[in-house]
Amino acid sequence: MKYSKEEKAARRAAFRAMSPAKKREHIFTYYKWPILLGLIVLAILGSALHRQLAKKEPVLYLAFANVAVGDDLADDLTEAYLQKSGADLKRQEIYLYRDLYLSENADTLNHQYAYASQMKLMAAIQSQELDLVLMNREAYDALSARAYLLPIDEKSPGLDPDLWQKLSPFLTSNEVVISDNSIEWQLGEADTHEIITETVTNGLELTDIALLKNAGFDEPVYLGVIANSPRIDSVISYLSYLMEEA
């Protein structure tokens with residue numbers, strides 16, 4: 001409804017003549033929904049701004065596969081490294097994928113969990129949001145077979161002679177599948193099932209390094225570098241940190 005100039009002036013005069021309590025009542029009666037809507041919009045914008053300002057930039061992405069890592073060790077593997085490297089703990093982090101379970105022989109109870117873990121891991125690798133995996137032998141075998149792990153040798157990018165010498169005692173080799181005719185064999189297009197593999201040095205057995213020695217692992221623990229990691233410089237820096245008191 002449009003008002004004439006005289007009507008608008010009369011309404012303003014009537015509003016000014018109201019007591020403070022009447023003014024509040026008038027505003028609430030006629031403008032409560034626009035005010036509430038404005039407050040909701042401000043709250044949403046404030047929350048989004050807070051999340052954006054508090055969001056941390058991952059320096060590295062680290063996964064724990066088939067290994068139980070307590071909070072103290074997790075801190076040693078993340079915040080302690082960040083502090084040592086001079087990172088800004090308010091702005092940077094090591095992003096963790098915890099409690100992944102990889103198994104080719106998962107029973108009915110764990111099958112869905114294993115499948116979900118595998119999908120999560122593959123998505124992280126494809127989006128280049130995974131750099132390192134700390135794992136047991138079963139997970140190491142699975143990732144190695146699929147050629148997800150970076151081969152490690154003295155000519156690896158960024159690997160200086162000093163670090164290579166420190167890493168050498170912990171290097172491990174595993175099988176990588178070069179070709180597998182499983183699909184053709186299952187479809188009857190091949191007479192025999194043939195899998196061709198090669199042995200590649202693509203992991204580190206770190207069970208006995210100082211950082212992990214007293215962590216309570218009841219089986220060997222391995223570290224692998226994801227082959228398509230775009231943060232190799234940070235990976236090398238992290239390996240140097242692990243080897244400092246190995």
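Since we're looking at a predicted model, the values are computed, not measured. The residues of the chain are indexed from 1 along the displayed sequence.
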Participant: Taking all heavy atoms of L242 and all of I209, pick out the closest pair and write down the distance.
Facilitator: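 That would be O-CD1, 4.0 Å.
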Participant: Can L143 be reached from L223 by stepping across I, L, V, M, F, W or Y side chains whose heavy atoms are under 4.5 Å apart?
Facilitator: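 Each belongs to a different hydrophobic cluster.
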Participant: Quick one: do E244 and K166 make a salt bridge, cutoff under 4.0 Å?
Facilitator: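 No, no charged N to carboxylate O under 4.0 Å.
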Participant: Shared ILVMFWY cluster between L96 and L130, side chains joined below 4.5 angstrom?
Facilitator: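 Different hydrophobic clusters.
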Participant: Go through R146 and V177 one step at a time and tell me if the side-chain contact (heavy atoms from CB on, under 4.5 Å) criterion holds.
Facilitator: CA-CA 6 Å; R146 291 174 173 81; V177 175; over 6 Å; no
Participant: Look at atom CD of Q165 and say whether more than 12 heavy atoms of other residues, nucleotides or ligands are closer to it than 6.0 Å.
Facilitator: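 At most 12 heavy atoms, drawn from other residues, nucleotides or ligands, come within 6.0 Å of this atom.
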Participant: Would you say that V225 contacts N202 through its side chain, given a criterion of any heavy-atom pair below 4.5 Å between the two side chains?
Facilitator: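 No, side chains not in contact.
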Participant: Nearest 0.5 Å, please: how far is CG in L102 from CE in M135?
Facilitator: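 M135 atom CE to L102 atom CG measures 9.5 Å (nearest 0.5 Å).
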Participant: Dump the intermediate steps for side-chain contact (heavy atoms from CB on, under 4.5 Å) on L239 and L204, then the final yes or no.
Facilitator: CA-CA 10 Å; L239 294 177; L204 297 160; 3.9 Å; yes
Participant: If you define the side chain from C-beta out and look only at heavy atoms, does anything of F64 sit under 4.5 Å from D99?
Facilitator: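 No; the side chains remain at least 4.5 Å from each other.
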Participant: Look at the aromatic rings of Y238 and Y241 and report parallel, tilted or perpendicular, splitting at 30° and 60°.
Facilitator: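 If you compare the ring of Y238 with that of Y241, the planes turn out tilted.
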Participant: For residues L60 and L132, determine if any side-chain heavy atom of one lies less than 4.5 Å from a side-chain heavy atom of the other.
Facilitator: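 A side-chain contact under 4.5 Å exists here.
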Participant: Would you call R231 and D131 a salt bridge, using N to O less than 4.0 angstrom?
Facilitator: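 Salt bridge between R231 and D131, a charged N being under 4.0 Å from a carboxylate O: yes.
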Participant: With rounding to the nearest 0.5 angstrom, report the OH to CE distance, Y148 to M122.
Facilitator: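 Reported to 0.5 Å precision, the distance equals 4.0 Å.
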Participant: In the single-linkage hydrophobic clustering (I, L, V, M, F, W, Y; side-chain heavy atoms under 4.5 Å), do F217 and L77 co-cluster?
Facilitator: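 Yes, one cluster joins them.
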Participant: Return the CG to CG distance between D72 and D76, rounded to the nearest 0.5 Å.
Facilitator: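 Reported value, rounded in 0.5 Å steps: 7.0 Å.
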Participant: Can you tell me how far apart OG (S85) and CD1 (I94) are? Round to the nearest 0.5 Å.
Facilitator: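 Nearest 0.5 Å value for the OG-CD1 distance: 7.5 Å.
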Participant: Would you kindly confirm whether L89 and Y81 end up in one hydrophobic cluster when ILVMFWY residues are joined by side chain heavy atoms under 4.5 Å apart?
Facilitator: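 L89 clusters together with Y81.
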Participant: Would the distance check show the side chain of S237 and the main-chain N or O of D233 forming a donor-acceptor pair, the cut-off being under 3.5 Å?
Facilitator: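 Between the backbone of D233 and the side chain of S237 there is no qualifying donor-acceptor contact (under 3.5 Å).
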Participant: Drop me the distance from D88's CG to E93's CD, to the nearest 0.5 angstrom.
Facilitator: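 So the gap between those two atoms works out to 12.0 Å.
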Participant: Looking at L73 and L211, what are the two nearest heavy atoms and their distance?
Facilitator: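 Closest approach of L73 to L211: CD1-O, 3.6 Å.
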Participant: Considering all heavy atoms of both residues, which atom of V221 and which atom of L134 are nearest to each other, and what is their separation?
Facilitator: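 What the structure gives for the nearest pair is CG1-CD1, 3.5 Å.
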Participant: Taking salt bridge (charged side-chain N to carboxylate O under 4.0 Å, His left out) as the cut-off, I'd like each qualifying pair that reaches into residues 149-160, sequence neighbours left out, listed once.
Facilitator: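 Residue pairs with at least one partner in residues 149-160: there are none.
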Participant: Look up atom CD in Q92 and atom NZ in K56, then write down how far apart they are to the nearest 0.5 Å.
Facilitator: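 Result: 10.0 Å between the selected atoms.
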Participant: Do the side chains of M243 and L206 get nearer than 4.5 Å, heavy atoms only?
Facilitator: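 Result yes, sub-4.5 Å side-chain heavy-atom pair found.
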Participant: Could you pull out the closest heavy-atom pair between P151 and S156, with the gap in Å?
Facilitator: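 P151 and S156 have their closest heavy atoms at O-OG, 3.7 Å.
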Participant: Report, one line per pair, each donor and acceptor closer than 3.5 Å where one atom sits in a side chain of residues 169-176; sequence neighbours left out.
Facilitator:
| unit_1 | atom_1 | unit_2 | atom_2 | d |
| --- | --- | --- | --- | --- |
| T172 | OG1 | Y140 | OH | 3.0 |
| T172 | OG1 | G203 | O | 3.3 |
| S173 | OG | T201 | OG1 | 2.9 |
| N174 | ND2 | D141 | OD1 | 2.8 |

Participant: Could you check E205 against T207 for side chain to side chain donor-acceptor pair (under 3.5 Å), going step by step and ending with a plain yes or no?
Facilitator: CA-CA 6 Å; E205 207 239 283; T207 314; 2.6 Å; yes
Participant: For the residue pair N66 and E138, what are the closest heavy atoms and their distance?
Facilitator: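 So the two residues come closest at ND2-OE1, 3.7 Å.
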Participant: Of all the heavy-atom pairs spanning E129 and Y97, show the shortest one and how long it is.
Facilitator: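 Reported closest heavy-atom pair: O-OH, 2.7 Å.
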Participant: So does A74 get a backbone contact from the side chain of T78, meaning a donor-acceptor N/O pair under 3.5 Å?
Facilitator: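 Side chain of T78 to backbone of A74: a pair is present.
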Participant: Measure from NZ or CZ of R137 to the centre of the six-membered ring of Y222 and say whether it is under 6.0 Å with the direction within 45° of the ring axis.
Facilitator: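 Yes, a cation-pi geometry.
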Participant: Could you check T197 against I178 for side-chain contact (heavy atoms from CB on, under 4.5 Å), going step by step and ending with a plain yes or no?
Facilitator: CA-CA 5 Å; T197 65; I178 304 302; 5.6 Å; no
Participant: Taking the side chain as every heavy atom from C-beta outward, state whether W164 and P161 have any atom pair closer than 4.5 Å.
Facilitator: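 They are not in side-chain contact.
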Participant: Taking a hydrophobic cluster as the set of Ile, Leu, Val, Met, Phe, Trp and Tyr residues connected by side-chain heavy atoms closer than 4.5 Å, whether directly or through intermediates, do M119 and Y61 fall within one such cluster?
Facilitator: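 Linked, M119 and Y61 end up in one cluster.
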Participant: Assess whether side-chain contact (heavy atoms from CB on, under 4.5 Å) is satisfied between I226 and L150, documenting all intermediate values.
Facilitator: CA-CA 6 Å; I226 297 301; L150 184 71; over 6 Å; no
